[in-house]
Every structure is written in structure tokens, then in C-alpha cells.
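Report on the structure given below.
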Amino acid sequence: MSPASTGASTTVDAAAHVPVPAIPPADSRMTPGGPGYRRMSFALFLAGVATFALLYSTQALLPLISGDFGVTASDASWTVAAATGGLALFVLPMSALSERFGRRTVMTASLAVAVTVGLLVPFAPSLGALVVLRGLQGAALAGLPASAQAYLAEEVRPRALVTAIGLFVAGNSVGGMSGRVITGWVAQEWGWRVAVGVVGVIAVVCAVAFRLLLPAPRHFSAGSLRPRVLARTVRDHLADPLLRRLYAIGALFMTVFGGVYTVIGYRLTEAPFSLPQGVIGSVFLVYLVGTVSASTAGRLVGRVGRRGALYLAGATTAAGLLVSLLDSVVLVLLGLVLITAGFFAGHAVASSAVSRTAVHGRAQASALYQSAYYVGSSAGSTVGAVAFHAQGWAGTVGVGLLAVLGVVTITLLGSRAARVAARREPVPA
């Protein structure tokens with residue numbers, strides 16, 4: 001019988017074959033206030049604390065290390081440069097492992113090895129042995145920074161990414177501050193070996209809490225470990241002009257920071273300041289300023305844009321360098337406050353821009369940034385110490401100002417490139 005004779009509707013039959021538009025799945029990535037966001041933020045904050053506390057555990061103690069081993073400031077600075085250099089050298093291979101085995105797994109393993117080495121550092125019998133242990137510690141920590149940024153890029157919604165990375169960077173600042181303050185006062189009473197041992201114990205606690213708190217990744221897809229695939233990904237990132245500029249900016253900001261904080265202890269132990277080790281360690285409380293500037297970098301970008309934020313960060317850093325030249329404890333502290341605020345803001349802006357720019361191989365993109373960043377730290381620590389030995393604090397400041405000039409120049413080139421690209425875009429009909 002025909003449809004008409006049975007009363008069936010041909011309209012219904014036809015409609016059954018009309019495809020229904022697919023409803024896009026809800027974005028299940030984390031966002032501020034959402035499930036798991038606070039746990040994730042606190043876990044990575046603790047990872048940042050452990051990383052910077054371990055990485056720079058000897059920086060505030062360099063005058064004591066110099067005296068213990070009978071070496072110069074530039075020789076002792078290798079205990080910092082070896083750690084940051086080891087991280088810079090191994091961050092790319094470790095990021096490749098995170099693409100294959102997962103971000104959380106690599107971050108956990110990195111912290112476990114780093115804290116183990118950290119417990120051995122106090123027993124170093126010579127400067128050479130100390131430098132080797134510090135290099136191993138930096139290499140172990142290499143699995144954390146790039147993997148953390150890749151984890152955030154995958155698990156956090158794009159609009160919240162700058163804020164999330166800013167909180168991780170804020171953890172870096174707290175780690176750097178607490179490590180230096182604690183080591184300063186402990187070393188004043190019991191020596192530098194006990195001081196770095198205390199930092200190692202604190203890092204163990206942070207590492208355990210990190211592993212217990214960090215949510216399991218939900219958006220990770222395992223990649224390839226084939227060298228050819230890795231080389232192609234790295235080549236693609238290095239071919240991107242914006243990423244190249246961001247890598248250079250990270251390196252230059254860290255050149256300033258590494259040089260200033262490697263040398264500041266020597267300056268404050270000399271006339272006209274002649275401060276005791278505990279007080280010098282307390283100077284690093286200015287890192288709290290970096291905690292604030294890093295965590296608010298997202299709002300700053302929202303108001304003035306990425307390049308505007310970088311200009312402000314560079315100007316603030318330069319102003320701090322100039323103020324620190326004056327022979328007044330108050331003004332030196334003010335200079336350090338400005339340097340710290342400018343550095344952490346610039347670092348948070350540049351590193352989050354890398355995560356947003358890379359459309360594939362995010363761990364490698366972040367690893368290249370971290371590699372450039374810590375190369376800058378090693379260069380700043382070494383060159384800053386050499387400049388201090390040759391020209392005093394003014395020499396270290398001169399190195400920092402040249403690095404800031406580089407940041408501003410690169411940012412100007414980026415602004416020019418953006419204007420040229422905008423003029424080339426076709427006008428809509």
C-alpha cells in the first residue's frame with residue numbers, strides 16, 4: 001500500500017534522513033573557579049617553589065662558598081651557572097619525553113631526582129664536586145618547566161592561560177625568595193652546607209605534595225620520540241619569527257636577573273654596607289613583588305596588550321638598575337623591587353605568549369623558551385660576576401641595561417612586523 005493509503009506521512013520519512021547539526025562538545029578544560037583548578041594551581045605553585053629553591057640554592061651563599069673554598073666571585077658563580085646551564089641543555093630532550101610519557105610523569109620524575117641530588121649537595125668535598133652536583137641537579141629539573149607549561153596549555157582554557165602560567169611563575173618567585181631567605185639566616189648560624197640541606201628537605205615536601213595534588217591530565221595525547229619528528233618540530237618553532245623574538249626576550253630578561261642576584265650578595269657584604277649574611281638573605285624578600293607582578297600579568301596584558309606589557313616590564317627593570325647604583329640601602333632595595341617586578345612580569349607575559357602561539361609540539365616550544373631563558377641565566381650569572389670583578393656594581397648594571405635595551409629593540413621590531421602584516425591583509429568586500 002502507498003503511504004497515502006495508510007495515512008503515513010512522507011514528510012516524516014524524509015525528515016528522518018536529514019542530518020542533524022552536531023552540537024559542539026563542551027570545553028572540559030579547567031577554568032578559574034571550576035573543578036580541579038585550585039588543586040592544579042597549588043600543585044604547580046609548589047612545583048615552582050621547589051624548582052627555584054633548588055636551582056638557586058647557592059646564589060645567596062656565594063660569599064660563604066668563596067671563603068670556604070678560597071675562590072673568587074666568578075669561580076663561585078659557577079655553582080649557579082652549572083645548574084641553570086644543565087637545565088638549559090636538557091630541557092629540550094626532557095620535553096620530548098613528556099610528549100611520549102606524559103607531563104605529570106616527567107614532572108614527578110624530575111622533581112624526585114632533583115631533590116635526591118639536593119640532599120647530596122651539602123656533602124660536596126670541593127668546589128669542582130659542588131659544580132658537578134649542581135649541574136646534575138639542573139639537568140634533572142629540566143623536565144619541569146616546559147612540561148608544566150605544556151600541561152597548562154592542554155588542561156586550561158586559553159583565556160585563563162596567562163593567569164595560570166603567572167601563578168606557576170609566582171611559585172618560582174616564592175621558591176627563589178624562600179630559598180635565599182632561609183639559607184641566609186641558617187648559614188649565618190650553621191654554615192652554607194646546613195643551609196642548602198634545609199632547602200633540600202623543603203623541596204622534598206613540595207615534591208610529595210605536588211604529586212598528590214596535581215590532577216591527572218585529561219587532554220594529553222602521546223606523541224612520537226622519533227628524532228626526525230622532534231627535529232622537524234623544533235625547526236618549525238625556530239622558523240616562527242614571533243617565537244624567535246619571545247625566546248630572545250626571555251633570555252635577555254633572565255640575563256639581567258641572573259647577573260643582579262648573583263652579585264648582589266657580594267655588593268652588600270662590602271663597604272659601605274657591610275651587612276651580615278642573615279640580613280643579606282632577607283633582602284630576597286623582594287621576590288614577593290615578583291609573585292604579585294607575575295600573577296597579575298594577565299590583567300596587565302588585557303589592558304595594554306602583550307607588547308605594551310613588555311615595554312612596561314623593560315622600563316621598570318631599567319629604572320631599578322639605575323636606582324640601585326646609589327649607595328643607600330633603601331635605594332638599593334627599591335632598585336631590587338623594580339628589577340624583580342619588571343623581570344617577573346616580562347617573563348610571565350613572554351612565556352604565556354609562547355604557549356598560546358605554538359599550535360603543535362607545545363612542550364618543545366616551551367622547552368626552547370626555557371632553554372633560551374636559562375642560557376640567559378647562566379650568561380648573566382657569569383658575565384655579571386666578571387663585570388663586577390672588573391668594574392664593581394656599575395659593571396653589572398651596565399650588562400643589565402644592555403640586556404634591557406635588547407628587550408625593547410626586539411619588542412619594537414615585533415610591533416613593526418605586526419603593522420606591516422596588518423597593512424598586507426586584504427580589505428573585506
Side-chain angles (χ1 to χ4, degrees), residues 27-32 34-52 87 90-114 140-172 175 206-225 230 233 237 246 250 294-295 297-298 347-348 350-371 373-374:
D27 192 341
S28 60
R29 288 175 292 181
M30 287 181 279
T31 190
Y37 185 86
R38 287 186 178 179
R39 282 185 58 198
M40 177 273 298
S41 297
F42 188 51
L44 289 176
F45 178 85
L46 291 175
V49 169
T51 299
F52 255 49
L87 193 153
F90 281 88
V91 68
L92 188 57
M94 294 294 281
S95 73
L97 292 178
S98 82
E99 292 281 7
R100 179 65 182 87
F101 298 107
R103 319 300 186 196
R104 189 169 69 162
T105 299
V106 170
M107 287 190 285
T108 301
S110 291
L111 277 178
V113 175
L141 287 170
L144 200 94
S147 299
Q149 291 191 28
Y151 176 94
L152 289 170
E154 292 164 353
E155 305 297 330
V156 176
R157 296 184 187 179
R159 289 186 178 181
L161 186 58
V162 176
T163 300
I165 290 181
L167 288 172
F168 174 65
V169 173
N172 294 166
C206 289
V208 172
F210 160 80
R211 184 60 181 84
L212 294 175
L213 290 172
L214 188 69
R218 300 176 60 189
H219 301 276
F220 169 74
S221 297
S224 173
L225 271 178
L230 176 61
T233 301
H237 292 327
L246 292 171
S295 60
H347 171 40
S351 59
S352 61
V354 169
S355 297
R356 294 196 66 174
T357 301
V359 295
H360 71 286
R362 286 192 177 98
Q364 279 73 51
S366 295
L368 288 168
Y369 176 84
Q370 296 293 334
S371 182
Y373 175 79
Y374 285 108

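A distance of 10.0 Å separates CG in Leu152 from OG in Ser351, rounded to the nearest 0.5 Å. With values rounded to the nearest 0.5 angstrom, Gln370 atom CD is found 9.0 Å from Leu144 atom CG. Taken to the nearest 0.5 Å, the CZ atom of Arg211 stands 4.5 Å off from the OG1 atom of Thr108. Rounded to the nearest 0.5 angstrom, Leu87 CG and Thr51 OG1 are separated by 8.0 Å.
The minimum heavy-atom distance between Ala43 and Phe210, with the atom names listed, is O-CD1, 3.2 Å. Leu111 and Ala50 make their closest contact through CD2-CB, 4.0 Å (heavy atoms, listed as atom of the first residue, atom of the second, distance). When all heavy atoms of Ala140 and Val113 are compared, the pair lying nearest together is CB-CG1, 3.6 Å.
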Begin with the C-alpha distance, continue with both residues' side-chain angles, and end with the deciding distance and a verdict on side-chain contact (heavy atoms from CB on, under 4.5 Å) for Tyr151 and Leu44.
CA-CA 10 Å; Tyr151 176 94; Leu44 289 176; 4.1 Å; yes

Between Arg39 and Leu214, is the side-chain contact (heavy atoms from CB on, under 4.5 Å) condition met? List the steps.
CA-CA 6 Å; Arg39 282 185 58 198; Leu214 188 69; over 6 Å; no

After noting the C-alpha distance and the side-chain angles of Val49 and Cys206, does the key distance pass the side-chain contact (heavy atoms from CB on, under 4.5 Å) rule?
CA-CA 7 Å; Val49 169; Cys206 289; 4.0 Å; yes

Worked check of side-chain contact (heavy atoms from CB on, under 4.5 Å) between Met94 and Val91
CA-CA 5 Å; Met94 294 294 281; Val91 68; 5.8 Å; no

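Checked options Ser147, Ser95, Ser98; the residue passing with Arg103 is Ser98 (criterion: side chain to side chain donor-acceptor pair (under 3.5 Å)).
A centroid separation of 6.0 Å or more is found between the aromatic rings of Tyr369 and His237.
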